Each structure stands twice: as structure tokens, then as C-alpha cells.
Amino acid sequence: MKKVTLISGSTMGSAEYVAEHLEEILSKEGFETDLHHGPSLNDLPQEGIWLVITSTHGAGEIPDNLQPFADEISADGIDLSKVSFGAVGIGSSEYDTFCGAIRTLDQKLIEKGAVRLGDRLEIDIQEHDIPEDPAEEWLTTWKNLL
């Protein structure tokens, strides 16, 4: 079965909870998983499948625990062309910068050659009290792309 490296960035813990929930589902279905909360690029395989889950804080900003990772993938010479990824964002539509963090990371990954599998999921906490629910629903389709 395929290996999925889950990467989460969170300020208040919502993205961590979603990442842990998705990891549990993938593991039960036979996928090999590796979960990282706020990793550095050196902690991750430079090939294979990544699942990036992040909340947005402030004015569309990447959470502090994931900002170093975002800076690292932006550096010159980084080649992520052997990475395929899924993208899940959590935010509030009350803000103009709704899900700004996952949109930024999605763009950075694509600029470095990574290929997004399927559609990016943007979870609005104004519509979903429990962000794990829409993430689980999205995962049922996304995992079929692996």
C-alpha cells in the first residue's frame, strides 16, 4: 500500500486534530502513514505523497509552527517534482483572507514542481463546527487518486 506523509500547521490545534483523524483513517485502510506537526523540510521525504493540512491565522498567514517549512520550500534550488500532494485548509469566511495559508502553500509547492492530486479542500469553520467531518468526506475521494 502507498505511504502518505501528513504535514500539519496549526495555531489553535484544529489542523492537528484533522491531520490525526485523517491519519487514523488512512492507517485503518492499510496506508503507511507518517505524521509531522510543523516539520522542517529535512524531516520529510523529497518524493512520494504528502497531505498538507493547515489552518490560517492573522491576515491569511501560515501558522508559526509551519512558517519555517514554508520558508524552506521557497528557497532557491528546491525541487519537489517527485512529490504529489493533497491540500486541506481550515479558515473562517468572516475574513477576506479565508484559507490564505493553504492557498499560499499550494502555490509554493506547485512552483517547486510538486503536483496536487485532486481539488484543494477549504473548510469554513462558520459552516462546519467539526472540521474533521468535511475532511473525512473529502478523503474518501482523494485517496482513490493515490
Side-chain angles (χ1 to χ4, degrees), residues 1-46 48-75 78 80 83-146:
M1 196 46 89
K2 298 209 180 255
K3 179 178 181 177
V4 178
T5 301
L6 294 94
I7 301 161
S8 77
S10 190
T11 301
M12 304 295 285
S14 294
E16 287 183 13
Y17 299 141
V18 170
E20 290 166 359
H21 184 67
L22 297 182
E23 179 194 30
E24 184 178 318
I25 293 168
L26 288 167
S27 293
K28 283 181 181 176
E29 296 187 8
F31 289 88
E32 182 182 345
T33 60
D34 191 15
L35 176 60
H36 298 267
H37 297 302
S40 79
L41 185 56
N42 291 333
D43 296 333
L44 305 171
Q46 305 297 299
I49 302 164
W50 292 358
L51 179 50
V52 182
I53 303 116
T54 186
S55 60
T56 297
H57 84 101
E61 296 163 14
I62 295 168
D64 290 343
N65 74 330
L66 203 55
Q67 187 60 56
F69 168 76
D71 294 341
E72 289 170 339
I73 64 173
S74 298
I78 299 298
L80 298 176
V83 173
S84 299
F85 72 98
V88 176
I90 303 168
S92 173
S93 60
E94 289 180 316
Y95 299 97
D96 294 340
T97 55
F98 171 66
C99 283
I102 197 62
R103 292 175 184 180
T104 298
L105 286 170
D106 184 64
Q107 180 180 347
K108 287 177 182 286
L109 289 166
I110 290 169
E111 287 171 359
K112 295 301 180 173
V115 175
R116 182 170 18 95
L117 299 171
D119 294 330
R120 180 178 62 227
L121 174 63
E122 296 181 354
I123 301 169
D124 184 355
I125 61 167
Q126 297 300 314
E127 295 179 17
H128 302 280
D129 291 338
I130 303 171
E132 290 89 335
D133 292 344
E136 182 175 337
E137 184 177 324
W138 173 88
L139 186 69
T140 61
T141 302
W142 185 78
K143 68 183 180 190
N144 293 328
L145 301 173
L146 306 181

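Only a predicted model underlies this, so the values are computations on that prediction, with no experimental measurement involved. FYI, the numbering just counts along the sequence from 1. Both backbone and side-chain heavy atoms feed into the values below; hydrogens, waters and symmetry mates do not.
Atom CD in Glu29 sits 9.0 Å away from atom OG1 in Thr140 (nearest 0.5 Å). Between atom OG of residue Ser93 and atom CD of residue Gln126 there is a gap of 5.0 Å, rounded to the nearest 0.5 Å. Cys99 contributes atom SG, which lies 8.0 Å from atom CG of Leu121 (distance to the nearest 0.5 angstrom). Atoms CG and CG, on Asp34 and Leu26 in that order, are 12.5 Å from each other to the nearest 0.5 Å. Of the inter-residue distances, the one linking Glu16 atom CD with Leu35 atom CG reads 8.5 Å to the nearest 0.5 angstrom. Separation of atoms CD (Glu136) and CG (Leu22) is listed at 8.0 Å; rounding is to 0.5 Å.
Heavy-atom neighbours of Phe31 CZ from other residues, nucleotides or ligands within 6.0 Å: above the threshold of 12. Heavy-atom contacts from other residues, nucleotides or ligands closer than 6.0 Å to NZ of Lys3 number more than 12. Other residues, nucleotides and ligands contribute at most 12 non-hydrogen atoms within 6.0 Å of the CD atom of Glu137. Taking a 6.0 Å sphere around CD1 of Ile130, one finds it holds 12 or fewer heavy atoms contributed by other residues, nucleotides or ligands. Around CG of Asp96, the count of heavy atoms belonging to other residues, nucleotides or ligands within 6.0 Å does not exceed 12.
Listed here is the closest heavy atom pair of Ser8 and Ala19: CB-CB, 3.8 Å. Taking both residues in full, the closest heavy atoms of Ile78 and Glu72 are given as CG1-O, 3.4 Å, listed atom of the first, atom of the second, then distance. In this structure, Pro134 and Ile123 approach most closely via the heavy-atom pair CG-CG2, 3.8 Å.
You'll find the side chain of Trp50 reaches within 4.5 Å of the side chain of Pro45, heavy atoms only. Side chains of Leu6 and His36 form no contact here, defined as non-hydrogen atoms less than 4.5 Å apart.
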Inset, instruction - Apply side chain to side chain contact (heavy atoms under 4.5 Å, CB included) to the pair Ile102 and Thr56, showing each step before the final yes or no. - result: CA-CA 7 Å; Ile102 197 62; Thr56 297; 5.7 Å; no
Legend entry - Stepwise side chain to side chain contact (heavy atoms under 4.5 Å, CB included) check, Phe85 with Thr5: CA-CA 9 Å; Phe85 72 98; Thr5 301; over 6 Å; no
Legend entry - Worked check of side chain to side chain contact (heavy atoms under 4.5 Å, CB included) between Trp142 and Leu51: CA-CA 10 Å; Trp142 185 78; Leu51 179 50; 4.1 Å; yes
Inset, instruction - Assess whether side chain to side chain contact (heavy atoms under 4.5 Å, CB included) is satisfied between Ile90 and Val18, documenting all intermediate values. - result: CA-CA 9 Å; Ile90 303 168; Val18 170; 3.7 Å; yes
Atom pairs and distances, donor-acceptor, side-chain atoms in residues 57-70, under 3.5 Å, two or more places apart:
| unit_1 | atom_1 | unit_2 | atom_2 | d |
| --- | --- | --- | --- | --- |
| His57 | NE2 | Ile62 | O | 3.3 |
| Asn65 | OD1 | Ser10 | N | 3.0 |
| Gln67 | NE2 | Asp71 | OD1 | 2.8 |

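The side chain to side chain donor-acceptor pair (under 3.5 Å) contacts involving residues 97-106 comprise Arg103-Glu122, Asp106-Arg116, Asp106-Arg120, where partners must be two or more places apart or lie in separate chains. Pairs engaging residues 89-135 under the ring pair (Phe, Tyr, Trp, His ring centres under 6.0 Å) rule: none recorded [sequence neighbours left out].
The closest side-chain donor-acceptor pair between Glu23 and Thr33 falls under 3.5 angstrom.
At least one donor-acceptor pair closer than 3.5 Å links the side chain of Gln46 to the backbone N or O of Leu41.
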